[in-house]
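So the structure is just underneath, and the comments pick up after that.
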Amino acid sequence: PPPPKSPARPPARPPPAAALAAAGGGGGIVAPRLVVPPGPGGIQAAISEQAMKRQQKEAEMQERRAELQKKREEENARRQEHAAAIVVRKVIQRIRVVQPENFDTLRTELENVIVEQLEKMGSMAEKIQQEAEKELIEAQTRVDALNEKRLEEQRKQAEEEAKKQLQTERAEKMKKDSADMVANVEAKIKLAADATEALESAMKDGAHEDVLKAAQSAEELVQVAQTAIADASKELSVPWAEVDLPEELVGEVRSEYKGFQGRVAECRKKVAKFTRTAKEAKERETRRASALKKEKDRKELFSKYDSCGVGMMNREDIRSFAKEVYSYECTEPQLDKIHGKLRGKVGGVPYEAFQRMRAMVAIERSCSKERARKAEEEKLKAAIEEKKAEFKELLAEAESALAEAQAAAETSEAASKTLLPKAAAKSSVAELKANATKVDDCVSPGTAALQRARTSIEAVSGSVDSEAQDEVARFQRQELEGIKGRAKKIQAQLEKHTNTAKTARQKIQRKECAEMEALRIKTIRAMGDYMDAKEMDFDKLFEHMAGGGAGTELTLEKFVEFCRELYEHLGDKLDSEGEGPYKELFAHASGDADTLSHAKVKEMLHVTYKVVKAAMLAEGSKIDAKAVRRLEEGEHVRALDCPRREPTSGVTRVRCRALNDDAEGFVSVSGNKGTVFLEPVSSHLACLKETVITAELDVTSDTIRKLSKDELLEVIQFPTKEPSCGVLRVKAKTLSDTTIGWVSVAGNAGTLFLEAC
């Protein structure tokens, strides 16, 4: 048997790192794990490889340490340069805030530091030197500016000190001058006080001339003192805001001035007292002198009329005195009264009663004059009253006529109340006409009386002086103004009632026109129905109505008879009371003639229609007739015949002519379903607002006259647009005076002037 196999050898483990380290040696570097290749020389090769790697590592470490050493040296050099630069820059920094006192010292210090640190600064030396030079230049500039500024400040300070010294000297001068001036005022006040004291002494014991002399002296000295006070007050009234002094000096001087002003005020009070004293003394002496003079004059006057020279005035003396002094002749009773009351024991009027006698004579003269004046006034008053009465008699006729006119105005007012809207609404047309006529009948005599009154007033006015200012003239003008005012008021009342009647007639006429137009249209429609029923045309109808052949005219009786026939045809009956409107229609159509011609009746059929809904104008009466043109809403057409019912369709149609282009044809008045195409337009218009009627279509053409409110017009040509301004205008005839012209329906601003009746 084969021998047993030996167990396999385990792979060799690598030697530990410590062993490798011991084998290879080397400076504490932990070698990587040694990979021993297989084979007998594997370990040695691994160790060699490991040693070679270690040597390479050490070489790299040496290089790295050398680089680090170089960097350290370079860093130290840079630090040394920066340190040296910092030393220089510290001095530069001080140079930046240098003052003129230490500029030279710092500049020397900077130069020395630069020399000492030049080598140490190395590469920064040039840059630092440039900075130093720049800062030195700038510092030099600043120092120069500071030196100039200091010199300027020193100069200004010297000027301020000099100015302050001048101001101080000026303030002291102001105080000294003011003190001297106030002292001068007080000295003059002292002189005035002494003079016033001397005046008071003279007033007690002195003679009249001495007092006047002392008063004159005191007044002169007071006047001098017043002048000095006025000058001082003016000088002490200083506008302190404008004084060129420092505030502390102004306050000091102002305080001094206040004291001076107080002293001047005291002087002013004293002067006022001295002035009053001198004035009172002069006035007293003047009164005293006047009294002495009057007393002397009275004695001389008494002596002049004391004919006996015994100090007594008798009756004749009193008479002479009154006549010569007062230009008054005393009567015997007056002399008895004066002499009896004032005579003394010896039978005459003594000097002591002379003043009373003068007063009694003056009173008696005044009383006589007053009595004469009153008598003259009474006489003048009586003459004035007489003239007033005469003037009133001249106005009596006018007053009577005005009273008659006033009565007529009152009667007219009562009659016109029946024409006012509320009362008129309850009255018939006939009653309104009668009431309007009654108002006119009442107004007419009032107008005549008013005219008489005015004629009389004008006649009287010619004798009145419009410029005189005496009482009679003023009374006459006042009376005339009053009566003229009453006449004007009465005229206004009469005109008001006349206008009321006129307005009522216009409204009646407007109503009649509306009723007449409605009756005409109603009659035309009935005639159309009659013609349809009887199968006749207009010519045959007219012959039937007139009851004769061609050329026969229609009389009123035949027309009324035909109207009865129309009523009977319609199943109604026309009584005698209902014939009245048809008679008026006949009169309106005939122009109050006795008969109606064929043309007049034909013209009565010409109703104007307004197109209220667009319709077709055709050549024939049938619905399917050939069209002429389309009638637009708002157009106007004139009927040429009665409206007739078209047999086939039952539609009412009428032959007409378009007013804007004269196109003729047939058009439906209304449809078989009730649609209305044409509406009749009244041929009468009422004026809503005052306007004008002109000669031509152009609004700038000549004005014929004004149209008043509620005035009625009969249309001749329906609205036509005026080319220049686009206003619709109608050609019409006024019913009041048959004036024919053009009138605007409305203005540019939309103001409506006319409306259909």
Side-chain angles (χ1 to χ4, degrees), residues 196 198-219 222 272-385 470-471:
T196 303
L199 173 62
E200 290 175 347
S201 299
M203 288 171 63
K204 291 179 181 178
D205 303 322
H208 174 67
E209 292 77 7
D210 296 337
V211 173
L212 289 178
K213 185 177 180 181
Q216 183 66 28
S217 176
E219 276 188 343
V222 166
K273 180 180 177 183
F274 300 157
T275 302
R276 286 195 301 272
T277 301
K279 183 179 179 181
E280 289 172 359
K282 287 190 73 174
E283 289 177 352
R284 194 183 76 170
E285 290 304 317
T286 300
R287 289 194 301 271
R288 179 182 172 189
S290 177
L292 291 174
K293 185 177 184 305
K294 286 181 179 179
E295 182 68 18
K296 181 181 177 182
D297 292 342
R298 277 198 298 269
K299 286 182 177 180
E300 291 178 354
L301 186 63
F302 182 83
S303 299
K304 178 181 178 181
Y305 292 98
D306 181 11
S307 59
C308 298
V310 294
M312 295 287 177
M313 291 179 66
N314 55 32
R315 288 167 55 88
E316 292 303 320
D317 294 339
I318 296 172
R319 187 193 303 275
S320 300
F321 172 81
K323 185 175 182 180
E324 294 181 11
V325 175
Y326 289 99
S327 301
Y328 176 65
E329 189 72 38
C330 288
T331 62
E332 290 297 327
Q334 290 173 339
L335 287 174
D336 292 341
K337 178 181 176 182
I338 295 171
H339 189 267
K341 283 187 177 182
L342 301 179
R343 67 182 177 178
K345 294 180 180 180
V346 293
V349 177
Y351 175 75
E352 291 78 10
F354 182 61
Q355 276 298 100
R356 189 177 175 190
M357 184 205 75
R358 292 185 67 173
M360 291 183 71
V361 170
I363 291 171
E364 290 298 331
R365 184 189 65 170
S366 298
C367 291
S368 297
K369 286 185 176 181
E370 182 65 19
R371 286 192 294 271
R373 185 187 65 79
K374 286 184 177 180
E376 186 65 27
E377 284 183 356
E378 291 295 330
K379 182 179 179 182
L380 181 62
K381 186 176 180 180
I384 290 172
E385 293 298 326
D470 58 274
E471 185 178 350

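- To the nearest 0.5 Å, atom CG of residue N314 and atom OG of residue S307 are 4.5 Å apart.
- Here the straight-line distance linking atom CG of L212 with atom CD of E219 works out to 10.0 Å at 0.5 Å rounding.
- Rounding to the nearest 0.5 Å places CD of E316 at 14.0 Å from OH of Y305.
- Between L342 and P350, the closest heavy-atom pair is O-CD, 3.5 Å.
- In this structure, D306 and D317 approach most closely via the heavy-atom pair CA-OD2, 4.1 Å.
- The side-chain heavy atoms of F274 and L199, taken from C-beta on, include no pair separated by under 4.5 Å.
- Contact between K337 and M360 at its shortest, heavy atoms only, is O-CE, 4.3 Å.
- Side-chain contact between L301 and F321 is present, with at least one heavy-atom pair separated by less than 4.5 Å.
- Between the side chain of R298 and the backbone N or O of Y351, no donor-acceptor pair lies under 3.5 Å.
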Problem set entry | side-chain hydrogen bond (donor to acceptor under 3.5 Å, both in side chains) between S368 and R365, intermediate numbers included | CA-CA 5 Å; S368 297; R365 184 189 65 170; over 6 Å; no
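- The minimum heavy-atom distance linking Y326 with A362 is given by the pair CE2-CB, 3.9 Å.
- Considering only heavy atoms from C-beta on, F354 stays 4.5 Å or farther from K299 through its side chain.
- Using a 4.5 Å cut-off on side-chain heavy atoms (C-beta onward), R288 and E285 make contact.
- Between C367 and R371, some side-chain heavy-atom pair lies under the 4.5 Å cut-off.
- Considering CD of E385 and CD of E471, their distance stands at 7.0 Å, rounded to 0.5 Å.
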For this session: Go through the steps for I318 and M357 under the test side-chain contact (heavy atoms from CB on, under 4.5 Å), then give the verdict.
Result: CA-CA 8 Å; I318 296 172; M357 184 205 75; 3.7 Å; yes
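- Contact detail for A215 and K282: the closest heavy-atom pair is CB-CG, 3.7 Å.
- By the neighbour-count criterion of 12 heavy atoms within 6.0 Å, atom CZ of R356 is sparsely surrounded, having that number or fewer from other residues, nucleotides or ligands.
- Between E200 and T196 there is a side-chain heavy-atom pair separated by less than 4.5 Å.
- Rounding to the nearest 0.5 Å gives a distance of 8.5 Å between CG of L335 and CD of E329.
- For the atom pair S290 OG and D297 CG, the distance stands at 9.0 Å (nearest 0.5 Å).
- Between E370 and R373 a salt bridge is recorded (basic side-chain N to carboxylate O distance below 4.0 Å).
- The side-chain hydrogen bond (donor to acceptor under 3.5 Å, both in side chains) test with R319 singles out one residue from Q334, H339, E332, and that residue is E332.
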